[in-house]
Undergrad: 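Please find one structure pasted underneath; my questions will follow.
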Amino acid sequence: MDAIFLQILNGLDKGGAYALIALGLTLVFGTLGVVNFAHGALFMLGAFCSVSFYKLLTLSKQVKDESITFFDAFKEQPYLEIWFGDYGTTIIDLAVPLSILFAIPVMLLIGLIMERGLIRHFYKRSHAEQILVTFGLAIVLQEVIKSMFGANPIPMPAPEIVSGSAPIGVLFGMGESVVYPWWRLIYLLFSGIVIAGVFAFLNMTTYGMVVRAGMMDRETVGLLGIDVERRFTVVFGLAAVVTGLAGVMYAPILPPDYHMGMDFLVLSFVVVVVGGMGSLGGAVAAGFLLGILQSFASMNEVKSIIPGIDQVIIYLVAVVILLVRPRGLLGRKGVMED
Amino acid sequence: MKTPTIKQDMVVMLIFSAVILTMPVWLEPLGASYPDLLQKFAIFGIFAVGYNILFGLTGYLSFGHAAFLGIGSYTAVWSFKLLTMNILPALVFSVLLSGLFALLIGFITLRRSGIYFSILTLAFAQMSYNLAYSVLTPITNGETGLQLARDDARILDRLFSEAGEGLPSTDFFGFSMSGYSGFYICAVLLIIAFFISQRIFHSPFGTKLRAIKSNQTRMKYTGYNTKPYLLTAFVISGMYAGLAGGLMAATDPLAGAERMQWTASGEVVLMTILGGVGTLIGPMLGVGIIKYFENIFSALNEQALHQAYAFMPDWLATVMVTLTSPFVGEGWHLTLGALFVLIVIFLPGGIMEGMNLIKKRFSKKEAEPSPTEKATETGQ
């Protein structure tokens, strides 16, 4: 029972990341009609936002190490600590959550540049060409990151206060022994908030209403005198921010490296396809569903029955769904049916 | 489209064979005529020519062909381990087995088209990659990769001779697979592969595939069941990939799972696009250019750049070095990605389209002045 409970948590947690990435991907697909293979790269860029923010905070200078008296020893001390003392240390400790504030404008800018500079010219071209050009862009982005940060994964610390494990079992009456890392719980909560935010934006604001209308029937919205293209640029920026934030908060869970984008890209496409191309609710539902399925498949009991199932479960589900329910779980009729 | 006559085809074939077989000679001045690179040209040429049969003719964008390459490699290495170091059985088995897998995967994935097909092939490629790394370790030897060992069975070889000292090397009835003889074996296979692809391009079957690309619905309305044609194309291109994989193992008997990753499929897509999708020669050109420049660019470093810019004033040379150094050496992939983006944006037909454009411009000038030129002439 405990194990199952933990696996559900694990799955929800993974699912949170999948759902966030897939949400951005399907938002772009549903509105702009563009198949964006550079989406994984956005996730990676988000993670590297937190890395660079952390590096920025810990810019240090060489100071004399007072604790060693035999000879002149030097140590690195961040400027923030020199200027603000303990207060500065706290800020550095909170680097990852704080980098959200840093990532939002950066990702928005990247998204806008990408849409204006490249994606916009591919609205009218075939899906195959969209795939190819964004695939090339993804390679470029990942190589740029590689040349800037190196090829090795860069571990990012979670804030110290939440670095331990939460006695989550107590809440559900399962005893002290059932524990779960705080940061993963925070990630789950965070993904829930962001997803709710996106849905609130789309469903409760006039702006969102127009975007949804544009997803339904772009031409008519244009005929009503609304500048659809500009809205779509904003939507692309929004998708970039959502995906980037998913990456920022994921950094303490998985040390960012330059090819994490490509790894997540395939997964997120699978999630979107299972949920139904262009369906936002479907993407979120499929994200959590696949996350839970995957964490159950990686239980030893399951693996001993069907070896290797944990490696392929997601793709297997995608293949089955695509073949028996071509529209995906919640796909709308008439959207991308070949 | 006008189909060339058999005679024209034969001429093209002869020229192609001559160009391929004399590669060691005319690549000499370019500094690319050593066997390793030449073998790579030929092997990736086979891969790309085969991929083009699917993507070029039918327009189905597969991201899973690296899986067949990997299957071919693993099969070949197993044949070296169990049967004989002769490459003939190894290649036959690679082609057959990858064809079988292509039949299976194609049967499932071809039920959908467009982006869904791409994603399905992607899913299968990822599955085979993940499995090769984890559960299938007894067959694939996981992360280390499958290698030859001295105490392998090699049943057929044992019939004729005792196990020698050290690792045996691959051969084709006495012709070694390393060095120039290895290149010529690969080259002959490439020429055969090219010949088959040419025959497919100019056959009724090829025309049907092109019809599927231009409008599958219309094709169906005229009473054709498109599925068998698509599946045949898929299997053929899978077998080409298997042959390429087998040859890769033959020139270097080591098979690793990273060969199956979907980004490796991306590479062949790239080569095909760069040269020109749907043209006969295009993929070959793409392979040549990418492999050649990969070789040159990844060997460059800052010092070499400084030498190259030595004729410039110092300050300009420094600027140029800082500008170009991210693109060479380790950064070769960056160049490749950027090149790819540019090609897709400005020249979707690849180099072949570019050459056609140039040809058109020149021939037009000779035949009759273009309208703009006429206008300027009358204006004068």
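Because only heavy atoms are used, hydrogens play no part in the values below, and waters and symmetry mates are left out as well, while side chains stay in. All chains are named by letter (A, B, ...) in the order of the sequence lines, taking the proteins before the strands, and each is independently numbered beginning at 1.
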Undergrad: Enter the distance from L265(A):CG to L122(B):CG here, rounded to the nearest 0.5 Å.
TA: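 It comes to 7.5 Å.
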Undergrad: Find out whether F135(A) and V344(B) are in side-chain contact, i.e. whether some heavy atom of one side chain is under 4.5 Å from a heavy atom of the other.
TA: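 No - every pair of side-chain heavy atoms lies 4.5 Å or more apart.
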Undergrad: V135(B) versus chain A, heavy atoms under 4.5 Å apart: side chain, backbone, both or neither?
TA: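 Answer is side chain: those atoms of V135(B) sit under 4.5 Å from chain A.
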Undergrad: With respect to chain B, which residue among V266(A), L141(A), I139(A), T134(A) yields the maximal number of heavy-atom pairs within a distance under 4.5 Å?
TA: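 Top count of heavy-atom pairs under 4.5 Å with chain B: V266(A).
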Undergrad: Under a 4.5 Å heavy-atom cut-off, does chain B meet the side chain of V319(A), its backbone, both or neither?
TA: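 When you check distances to chain B, atoms from both the backbone and side chain of V319(A) fall under 4.5 Å.
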Undergrad: With a 4.5 angstrom heavy-atom cut-off, could you sort out which part of L334(B) is near chain A: side chain, backbone, both or neither?
TA: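 Both backbone and side chain.
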Undergrad: Hey, what do you get for NE2 (H333(B)) to NZ (K146(A)), rounding to the nearest 0.5 Å?
TA: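 Between H333(B) NE2 and K146(A) NZ, I get 7.0 Å after rounding to 0.5 Å.
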Undergrad: Does a sphere of radius 6.0 Å around CZ in F149(A) hold more than 12 heavy atoms from other residues, nucleotides or ligands, not counting ones at 6.0 Å or beyond?
TA: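 Count over threshold, so yes.
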Undergrad: Check the pair M277(A), I119(B) against side-chain contact (heavy atoms from CB on, under 4.5 Å), reporting the backbone distance first and the verdict last.
TA: CA-CA 12 Å; M277(A) 272 286 190; I119(B) 292 175; 4.3 Å; yes
Undergrad: Crowded around Y123(A) OH? As in, over 12 foreign heavy atoms under 6.0 Å?
TA: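 Counting neighbours around OH of Y123(A), more than 12 heavy atoms of other residues, nucleotides or ligands fall under 6.0 Å, so yes.
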Undergrad: Is the CZ atom of F101(B) crowded by more than 12 outside heavy atoms at less than 6.0 Å?
TA: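 Check fails, neighbour count at 12 or below.
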Undergrad: Can you say whether I343(B) sits under 4.5 Å from chain A via the side chain, the backbone, both, or neither, judging by heavy atoms?
TA: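 Looking at I343(B), nothing touches chain A.
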Undergrad: With rounding to the nearest 0.5 angstrom, report the CG to CD distance, L336(B) to E143(A).
TA: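 Reported to 0.5 Å precision, the distance equals 9.0 Å.
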Undergrad: What part of S128(B) is in contact with chain A, defined as an atom under 4.5 angstrom from a non-hydrogen atom: side chain, backbone, both or neither?
TA: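 Neither part.
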Undergrad: Checking V269(B) against chain A: side chain, backbone, both or neither under 4.5 Å from a heavy atom?
TA: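 Only the side chain of V269(B) comes within 4.5 Å of chain A.
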Undergrad: How long is the straight-line distance from CZ of F29(A) back to CD1 of I115(B), given to the nearest 0.5 Å?
TA: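 Taking CD1 in I115(B) and CZ in F29(A), the distance rounds to 6.0 Å.
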Undergrad: Stepwise, does the side-chain contact (heavy atoms from CB on, under 4.5 Å) test hold for I314(A) with Q126(B)?
TA: CA-CA 10 Å; I314(A) 287 198; Q126(B) 265 325 73; over 6 Å; no
Undergrad: Does the gap between the ring centers of F63(B) and F37(A) come in under 6.0 Å?
TA: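 Yes.
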Undergrad: Got more than 12 heavy atoms from elsewhere within 6.0 Å of CZ, F296(A)?
TA: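 More than 12 within 6.0 Å, yes.
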Undergrad: Using non-hydrogen atoms and a 4.5 Å limit, figure out which bit of Y129(B) sits close to chain A: side chain, backbone, both or neither.
TA: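 Neither the backbone nor the side chain of Y129(B) comes within 4.5 Å of chain A.
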Undergrad: Does some side-chain heavy atom of I345(B) sit less than 4.5 Å from a side-chain heavy atom of H121(A)?
TA: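 Counting from C-beta outward, H121(A) and I345(B) never come under 4.5 Å.
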Undergrad: Run through V341(B), I273(B), L270(B), V277(B) and flag the one making a side chain to side chain contact (heavy atoms under 4.5 Å, CB included) with L132(A).
TA: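 Going through the options one by one, the only one that passes is I273(B).
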Undergrad: I131(A) versus chain B, heavy atoms under 4.5 Å apart: side chain, backbone, both or neither?
TA: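 Contact with chain B is through the side chain of I131(A) alone.
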Undergrad: Are the side chains of R125(A) and P348(B) in touch, meaning some heavy atoms are under 4.5 Å apart?
TA: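 They are in contact (side-chain heavy atoms under 4.5 Å apart), so the answer is yes.
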